[in-house]
Amino acid sequence: MNRLSLEVPVARAVGRLARATGRGGGTSLPGKVLLRLDPDAIGRLSDRLSGGSAIISATNGKTTTASLVASILEGAGRRLVHNRAGANMAGGIASTLLTAARRGGGIAGDTGLFEVDEFWLDTVTRQVRPGAVALGNLFRDQLDRYGELETIADRWAALVAELEPATCLVLNADDPLIADLGRERENVTYFGVEDDAMAMPEMQHASDSTHCRRCGAAYRYDAVYLGHLGRYHCPNCGRTRPAPAVRAERIQLHGTSAATFTLATPLGSRSVRLPLPGLYNVYNALAASTLALALGVGLDAVVAGLERAAAAFGRAETVELGKTTLQILLIKNPAGANEILRTLALESDQLDVLAVLNDNIADGRDVSWIWDADFELLATALRRVTCAGTRAAELAVRLKYAGVPESAIAVVPEFSAALDAAVAAAGSARLYALPTYTALLALRAELTARGHVSAYWREAA
Amino acid sequence: MPEASTLRVCALYPDLMNIYADRGNLLMLRRRCEWRGLGFELSSAGLGDPLDGDAADLYYIGGGQDRDQERCAADLHDEKREALAAAAARGAVVLGVCGGYQLLGHAYQLADEELPGVGLLDVRTERVEGPRLIGNIAIEVDLPGAAGAILAGFENHAGRTRLGERAEPLGRVLRGHGNNGADGREGARAGTVIGTYMHGPLLPKNAWLADWLITTALGDGAALAPLDDDLERRAHDEACRAAGL
């Protein structure tokens, strides 16, 4: 009897049971069961993919980057096995493979595309043995769960050192921690932003890793684009940002709807209209383009895939709620939140916002990070903000101390009531929901219960 | 009318010792002074900068990543120890949070080296094998004029800190781990020098402590004008609930 022939149906039955009993999408449970039955299942199942696999990791932008890559690859005729719903630890990836597995050693797809949690990157990569790995950025995130940034950077460096030489590495030149991973390697393609008009006047508060890892001197930035991403050099030992082969130039940001830029690559340049907002999504598009090129996709297919992209789960997607249009923008750490706030501030000075701060394990139990995010950007831009979630009041305090008038702040911890209050206050205006991760799941469940969107695990199938 | 007082705050290594959003504490102090018509001045002293022990009423040092804490420890010990001791001796407030707390003690013993401390608190810290002490925490403090008050926050530290004979704890652990997860004590205090593992934005969850620090640092005995603290009280209650109180 062939290995996995018994485990696969057992684990699948668990997933059906989880859905039937209403226990969430069951997106990672079957995979966890499978891994219990066969710890090597990820490797065995991904070996069935004839076109190999690609892996994406980053603190911010994993899900969106993967969805952009999916759009490109599917347009180029690849059939993907992709953890689209964002379950990105070993259990979620095993579940994705499980869903695609077919009797007799087959699999429904030719190419694996996996976004992987930062903490699980080494474990999953060792099993999948991908043809290409794209690493986008490392920001402060959930320190209670992940430990310090440099610990993750060290783990990633150890992983990169053991990758087979043929593995393509796609790295963000603008993030010093990421750029350093490719210094000693062949077969690396760097991407980066080259547009002085995008530079910020000063570093944001939550900036990390602005010191040279080789000699310890403070990096000097010639331009700061986003958090600690930018053009930098070490004034002491002379280390510089690697020259990116794939670049975004002449960038224009169009509020919360889109961004346009020139994509410059070794195969030529094209102008791109990306239907996703903000400079952070330009970075995601750069990572996706560079990875797709590394996988052998042509430039025209890359551009077509980017322009066809739809917002990923909770990442700038919109939902119609009667006369209110709800746009959902996940916030989960200072760097990501800052980009959302920067994008919102460009949009209007009369914003209606529903901000939901939870402190469950998947959000990070520690909500300190909201004091690193630059909510000051919204100080004079909010018409009404409704604060909800398990730490609604601390978020309200954050906004108050950021300079938001107290009269514009409402605290409604209970989620469903908060949604009602925020929608009623917004009327026919657009309502921006800024949920943390578990709040995003709760929001989707609430909207589904009200008949507005289909459950994400069904979309993900 | 007497001229309004000004609170002068000096942040030590604000670009390195800031990992858990320590700037939230400085923002609390600033706003709560401004809303009362008090002046607020913020200065900073980084690596290699001289420290003026007369230039501030409150000195703040937060937490950092290991490598940054190591660099700051040497600088604090070699360049700033005397000025900080002089400031404490004249009654300035010195507040060390998380990694900053560890550096206010005698030393922080790591696996293969010892980081020097400035010895303003009679405590020693050791990194031990075993899990980091992480989670929501609530303590009952014993501060002049605030006996029995509750502080709620979050801790995340690998070091275990033990008090010497001359140190008193900042408070008694009600929920969470505290200094070492064993003796039920949290933080340390010697006069106006305070250290605590309740990291990052401690003051937003405990507005009363922000006011206690402002009053103590100004040292003029004047009562602070009350503020509308409805949201701050709700945030405090929320943090207490998160800790299990």
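A note on names: the letters A, B, ... follow the listed sequences, proteins ahead of strands, and every chain is numbered from 1. Computed from a predicted structure; not experimentally measured.
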Asks: Which atom names give the shortest non-hydrogen contact between Asp366(A) and Tyr20(B), and what distance separates them?
Replies: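 Distance-wise, the nearest heavy atoms are OD2-CD2, 4.1 Å.
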Asks: Provide the closest heavy-atom pair for Trp371(A) versus Gly24(B) in the form atom of the first, atom of the second, distance.
Replies: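 That would be CE3-CA, 3.7 Å.
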Asks: From Leu27(B) CG over to Phe375(A) CZ, what is the distance, rounded to the nearest 0.5 angstrom?
Replies: 12.5 Å
Asks: Suppose a student defines contact as a heavy atom less than 4.5 Å from any heavy atom of chain B. Which residues in residues 390-399 of chain A would they list?
Replies: Thr390(A), Arg391(A), Ala392(A), Ala393(A), Glu394(A), Ala396(A), Val397(A), Arg398(A)
Asks: Verify the neighbour count for atom CZ of Arg220(A): are there more than 12 heavy atoms of other residues, nucleotides or ligands below 6.0 Å?
Replies: no
Asks: Given salt bridge (charged side-chain N to carboxylate O under 4.0 Å, His left out), test Arg241(B) with Asp359(A) step by step and report yes or no.
Replies: CA-CA 12 Å; Arg241(B) 273 199 304 278; Asp359(A) 65 352; over 6 Å; no
Asks: Taking atom CD of Glu184(A) as the centre, does the number of heavy atoms from other residues, nucleotides or ligands within less than 6.0 Å exceed 12?
Replies: no
Asks: Can you say whether Ala158(B) sits under 4.5 Å from chain A via the side chain, the backbone, both, or neither, judging by heavy atoms?
Replies: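 Contact with chain A is absent: no heavy atom of Ala158(B) under 4.5 Å.
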Asks: Is chain A contacted by the side chain of Leu16(B), its backbone, both, or neither, given a heavy-atom distance below 4.5 Å?
Replies: side chain
Asks: Looking at CG of Asn156(B) and CZ of Arg365(A), how far apart are the two atoms once the value is rounded to the nearest 0.5 Å?
Replies: 12.5 Å
Asks: For chain A, which of Ala207(B), Ala235(B), Pro201(B) has the most heavy-atom pairs under 4.5 Å?
Replies: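 That would be Pro201(B).
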Asks: Which heavy atom in Gln65(B) sits nearest to a heavy atom in Leu149(A), and how many Å separate them?
Replies: OE1-N, 3.6 Å
Asks: Are there residues of residues 30-42 of chain B that reach to under 4.5 Å of chain A by heavy atoms, and which ones?
Replies: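 Listed by number, the contacting residues are Arg31(B), Arg32(B), Trp35(B).
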Asks: Of all heavy-atom pairs between Ile19(B) and Asp372(A), which one has the smallest distance, and what is that distance?
Replies: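 Nearest heavy atoms, Ile19(B) then Asp372(A): O-OD2, 4.1 Å.
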Asks: In Å, rounded to the nearest 0.5 Å, how long is the span from CZ of Arg23(B) to OG of Ser368(A)?
Replies: 12.5 Å
Asks: If we define contacts as heavy-atom pairs under 4.5 Å, which of Ala242(B), Pro204(B), Gly200(B), Gly135(B) has the most with chain A?
Replies: Pro204(B)
Asks: Heavy-atom pairs under 4.5 Å with chain A are the metric here; pick the option from Arg71(B), Arg234(B), Glu238(B) that has the most.
Replies: Glu238(B)
Asks: Counting heavy-atom pairs under 4.5 Å to chain A, which of Asn136(B), Asp230(B), Asp66(B), Asp22(B) comes out on top?
Replies: Asp66(B)
